[in-house]
Amino acid sequence: MKNHPVLYIRHIINLFGQAPCLVRNVLCLLSSYHHLLRWPVKKQCLWALAVFVAPSVQAHPHSWIDMKTYIEGKDGMITGFKMEWSFDAMTSAYMLDGEDISSENEQQTFRKVSASVLENMKYEHYFTYFYDGDTPIKYKVAHSEKLTRDRAKLVLSFELPLSKPKPVTQDTLRLLIFEPGYYVDMAWKSATDVVLSADLARQCQLEMIEPDPTPEQMTYAMSLPADADPDNALGQLFTQTVKIHCAAVPAAK
């Protein structure tokens, strides 16, 4: 049984082993194209240029996850998150490599894989970082994990409750989801992929801030081989930030 996606990615390069260098680079770029769209045009061009001139697909990232996040809560209190993570097709294939996905055993295999992924992510804070100012907000253990298939992609869903309900604030709450070493690029494709519960939406608004890495930081990420020691300061440079802005709860009459 394999471990969580960060460890899968270290082996994904082997799947490209027989392809010519340029083909590998094009596939890598196409896989991440819609993630690049969240960046300014000049930085899209820099990243594309770096991919096409790179001698091999060794550069970070090596896998891509499209996310949807549902912020749960009511009465001015945030209680947790519901997650939907869609893995790119190459990573999805690797996740199931060697597993029994026959029609009679597929659902059992999906349950086993999703439980293993969630168990391993527990020690990585589920790649989810929620802050009030600079103070991290703690979680309970995630649960209700489920793995489904969307054509060639696998979709992992799970619930991540807070350790205790968190009162909303005017402008100090922020949410980031990223893999620290940037082996995996995790992104919301649009601001509509982060959704407030109906009750919280009457009181709060969301602001999505796109990453703004420097050309030097982008070049550094492109230079790292797949087997390099993790640089756990890298992922945050390429991640989006969601800020939660809320009005005061009206006083009860």
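Heavy atoms only: backbone and side chains are in, while hydrogens, waters and symmetry mates are out.
Listed by first and then second residue, the ring-ring contact (aromatic ring centres under 6.0 Å, His included) pairs involving residues 143-164 are Trp85-Phe158 (not counting sequence neighbours). The stretch residues 142-151 participates, sequence neighbours left out, in these salt bridge (Lys or Arg N to Asp or Glu O under 4.0 Å) pairs: Glu106-Arg149.
Residue Met77 comes nearest to Leu200 through the heavy atom pair O-CD2, 4.0 Å, listed as atom of the first residue, atom of the second, then distance. Counting all heavy atoms, side chain and backbone alike, Ser63 lies closest to Thr91 at OG-OG1, 2.5 Å. Here the closest non-hydrogen pair linking Ser114 and Leu156 is CB-CD1, 3.8 Å. A pairwise comparison of heavy atoms in Pro211 and Gln240 identifies CD-CG, 3.8 Å as the closest pair. The heavy-atom pair separating Glu210 from Met208 by the smallest distance is OE2-SD, 3.8 Å. Nearest heavy-atom pair across Pro61 and Trp64 is CG-NE1, 3.7 Å.
For the atom pair Lys153 NZ and Ile65 CD1, the distance stands at 11.0 Å (nearest 0.5 Å). Separation of atoms CG (Asp193) and OG1 (Thr69) is listed at 8.0 Å; rounding is to 0.5 Å. The distance from the OG1 atom of Thr241 to the CZ atom of Phe178 is 8.5 Å, given to the nearest 0.5 Å. A distance of 8.0 Å separates CG in Leu237 from OG1 in Thr214, rounded to the nearest 0.5 Å. With values rounded to the nearest 0.5 angstrom, Met95 atom CE is found 5.5 Å from Leu154 atom CG.
A distance-only check finds no donor-acceptor pair linking the side chain of Ser116 to the backbone of Lys112 [under 3.5 Å]. Remark: the backbone N or O of Tyr220 is paired with a side-chain donor or acceptor of Ser223 at under 3.5 angstrom. Between the Tyr139 side chain and the Thr128 main chain, a donor and an acceptor come within less than 3.5 Å of each other.
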Please step through side-chain contact (heavy atoms from CB on, under 4.5 Å) for the pair Leu224 and Leu234, ending with a clear verdict. CA-CA 11 Å; Leu224 292 174; Leu234 191 59; 3.6 Å; yes
Criterion side-chain contact (heavy atoms from CB on, under 4.5 Å) on Glu84 and Tyr70, from CA distance to verdict: CA-CA 9 Å; Glu84 291 182 8; Tyr70 301 89; 3.9 Å; yes
Stepwise, does the side-chain contact (heavy atoms from CB on, under 4.5 Å) test hold for Leu206 with Ile71? CA-CA 10 Å; Leu206 302 176; Ile71 302 175; 4.1 Å; yes
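Legend: residues meeting salt bridge (Lys or Arg N to Asp or Glu O under 4.0 Å) with Glu207, ordered by chain and number and at least two apart, are absent. Not counting sequence neighbours, the partners of Ser190 by the side chain to side chain donor-acceptor pair (under 3.5 Å) test are Thr192. Residues passing the side chain to side chain donor-acceptor pair (under 3.5 Å) test with Ser86, sequence neighbours excluded: none.
Checked against the 6.0 Å centroid criterion, the rings of Phe130 and Phe81 qualify as a close aromatic pair.
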Would you list the atom pairs, donor with acceptor, under 3.5 Å between side chains in residues 159-175 and any protein atom, with sequence neighbours excluded?
| from | atom 1 | to | atom 2 | distance (Å) |
| --- | --- | --- | --- | --- |
| Ser163 | OG | Lys138 | O | 3.4 |
| Lys166 | NZ | Asp132 | OD2 | 2.7 |
| Thr169 | OG1 | Thr172 | N | 3.2 |
| Thr169 | OG1 | Thr172 | OG1 | 2.7 |
| Thr172 | OG1 | Asp132 | OD1 | 2.6 |
| Arg174 | NE | Gly133 | O | 3.3 |
| Arg174 | NH2 | Gly133 | O | 3.2 |

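Using modelled atom types and a 3.5 Å distance limit, the side chains of Ser197 and Asp199 yield no donor-acceptor pair.
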